Amino acid sequence: MSDAPKTRPQVPEGKSRFLTTRQKAANEKGYVGYDTIWESFQKEVPYSTPKKP
């Protein structure tokens, strides 16, 4: 039918400001997935009770 290769081409790592995407290795069925890694863009401050009047 088609002369297309059975393996997917290697995709370069995608980077944006807070997100990184990497290609996973193909599984036995040929499915290629992707990892998405989020970098935190919010700061966590420990809670402290407010002063009482």
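Worth saying up front: this structure is predicted, and the values here are computed from it rather than measured.
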*Any donor and acceptor pair, going by atom type alone, linking the side chain of Gln23 with main-chain N or O of Tyr34 inside 3.5 Å?*
no
Nearest 0.5 angstrom please: [X] [atom1] to [Y] [atom2], how far?
| X | Y | atom1 | atom2 | answer |
| --- | --- | --- | --- | --- |
| Asp35 | Thr20 | CG | OG1 | 10.5 Å |
| Tyr31 | Lys24 | OH | NZ | 7.5 Å |
| Ile37 | Lys15 | CD1 | NZ | 9.5 Å |

*Taking the side chain as C-beta and beyond, is there a heavy-atom pair between Leu19 and Glu39 under 4.5 Å?*
no
